[in-house]
Amino acid sequence: MRRTFFMIALMALLFAVNSNAQTGIKLQKREFRGAWIQTVNGQFMRMSTAAMQQTLRSQLNELQKDGINAIIFQVRPECDALYESKLEPWSRYLTGVQGKAPSPYWDPEVDD
């Protein structure tokens with residue numbers, strides 16, 4: 001059974017490769033160049049809202065210059081959240097106190 005499945009999969013793969021070669025379709029090469037912005041190091045802790053926004057803008061601009069095309073941003077570090085949530089409290093990595101919202105209020109999820 002496994003051998004039959006393997007042979008069918010191999011034939012389908014060869015057919016797909018051969019079809020593209022015959023039709024002259026040139027597939028565009030795409031790459032995933034990602035960066036993870038983690039929050040558990042305390043880089044945002046006790047930062048003002050304006051300073052936090054500026055830090056994130058600077059990081060994102062620099063990553064874009066470096067060719068990064070995807071950002072993985074850690075928004076739930078310890079069963080809490082870096083955004084307003086009905087299920088989880090505000091993260092202590094923003095203000096130093098779990099459950100305390102940034103002041104002045106800022107929700108990165110709905111930032112313009």
Side-chain angles (χ1 to χ4, degrees):
M1 180 68 181
R2 292 178 91 187
R3 179 175 271 173
T4 304
F5 175 76
F6 177 74
M7 292 302 292
I8 291 172
L10 181 62
M11 288 187 329
L13 178 65
L14 290 174
F15 177 76
V17 169
N18 191 30
S19 294
N20 283 341
Q22 287 179 354
T23 59
I25 296 174
K26 188 160 187 149
L27 299 176
Q28 181 181 8
K29 183 177 178 181
R30 296 180 359 194
E31 294 181 344
F32 179 88
R33 295 186 190 141
W36 175 31
I37 298 178
Q38 53 96 11
T39 57
V40 295
N41 67 352
Q43 72 174 336
F44 301 118
M45 194 176 290
R46 295 183 187 95
M47 231 186 226
S48 70
T49 299
M52 193 182 321
Q53 290 170 333
Q54 183 57 43
T55 299
L56 281 170
R57 280 189 192 101
S58 296
Q59 287 177 339
L60 294 172
N61 288 337
E62 191 60 38
L63 289 168
Q64 186 177 30
K65 287 178 195 173
D66 293 339
I68 300 299
N69 62 14
I71 299 294
I72 299 97
F73 185 74
Q74 181 178 6
V75 295
R76 294 195 63 231
E78 293 181 337
C79 294
D80 51 12
L82 292 171
Y83 55 90
E84 186 173 18
S85 170
K86 293 178 183 174
L87 302 175
E88 305 293 348
W90 281 96
S91 176
R92 71 181 177 98
Y93 290 104
L94 287 174
T95 61
V97 178
Q98 191 174 52
K100 182 180 177 186
S103 180
Y105 179 82
W106 175 57
D107 187 346
E109 185 176 65
V110 293
D111 190 34
D112 293 328

Peer 1: Search all heavy atoms of P89 against all heavy atoms of G99 and return the closest pair with its distance.
Peer 2: CB-CA, 3.8 Å
Peer 1: Starting at CZ of F73, measure out to CG of L60 and round the result to the nearest 0.5 Å.
Peer 2: 8.5 Å
Peer 1: Which pair of heavy atoms, one from I72 and one from F32, lies closest together, and at what distance?
Peer 2: CD1-CZ, 4.1 Å
Peer 1: Stepwise, does the side chain to side chain contact (heavy atoms under 4.5 Å, CB included) test hold for Y83 with R76?
Peer 2: CA-CA 9 Å; Y83 55 90; R76 294 195 63 231; 3.3 Å; yes
Peer 1: Please check if L56 and Y93 belong to a single hydrophobic cluster, counting links between Ile, Leu, Val, Met, Phe, Trp and Tyr side chain heavy atoms closer than 4.5 Å.
Peer 2: no
Peer 1: For residues V97 and W90, determine if any side-chain heavy atom of one lies less than 4.5 Å from a side-chain heavy atom of the other.
Peer 2: no
Peer 1: Is it true that, when you exclude E78 itself, more than 12 heavy atoms of the residues, nucleotides or ligands shown sit nearer than 6.0 Å to its CD?
Peer 2: yes
Peer 1: Could you check whether Q59 and T55, counting side-chain N and O atoms only, form a donor-acceptor pair closer than 3.5 Å?
Peer 2: no
Peer 1: For the side chain of Q43 and the backbone of Q38, is there at least one donor-acceptor N/O pair under 3.5 Å apart?
Peer 2: yes
Peer 1: Locate the shortest heavy-atom distance separating Q74 from P77; write the atom from each residue and the value.
Peer 2: NE2-CA, 3.5 Å
Peer 1: For L94 versus P102, what's the shortest heavy-atom pair and its separation?
Peer 2: CD1-CG, 4.0 Å
Peer 1: What heavy-atom pair brings Q98 and D80 nearest, and what distance separates the two atoms?
Peer 2: NE2-OD2, 3.1 Å
Peer 1: Which atom names give the shortest non-hydrogen contact between S91 and L82, and what distance separates them?
Peer 2: CB-CD2, 3.7 Å
Peer 1: In the single-linkage hydrophobic clustering (I, L, V, M, F, W, Y; side-chain heavy atoms under 4.5 Å), do V75 and Y105 co-cluster?
Peer 2: yes
Peer 1: Walk me through it: do Q54 and S58 pass the test side-chain hydrogen bond (donor to acceptor under 3.5 Å, both in side chains)?
Peer 2: CA-CA 6 Å; Q54 183 57 43; S58 296; 3.2 Å; yes
Peer 1: Without swapping roles, check the side chain of N69 against the backbone of R33 for a donor-acceptor pair under 3.5 Å.
Peer 2: yes
Peer 1: According to a hydrophobic-cluster definition based on side-chain heavy atoms being under 4.5 Å apart (Ile, Leu, Val, Met, Phe, Trp, Tyr only), do M45 and V40 belong together?
Peer 2: yes
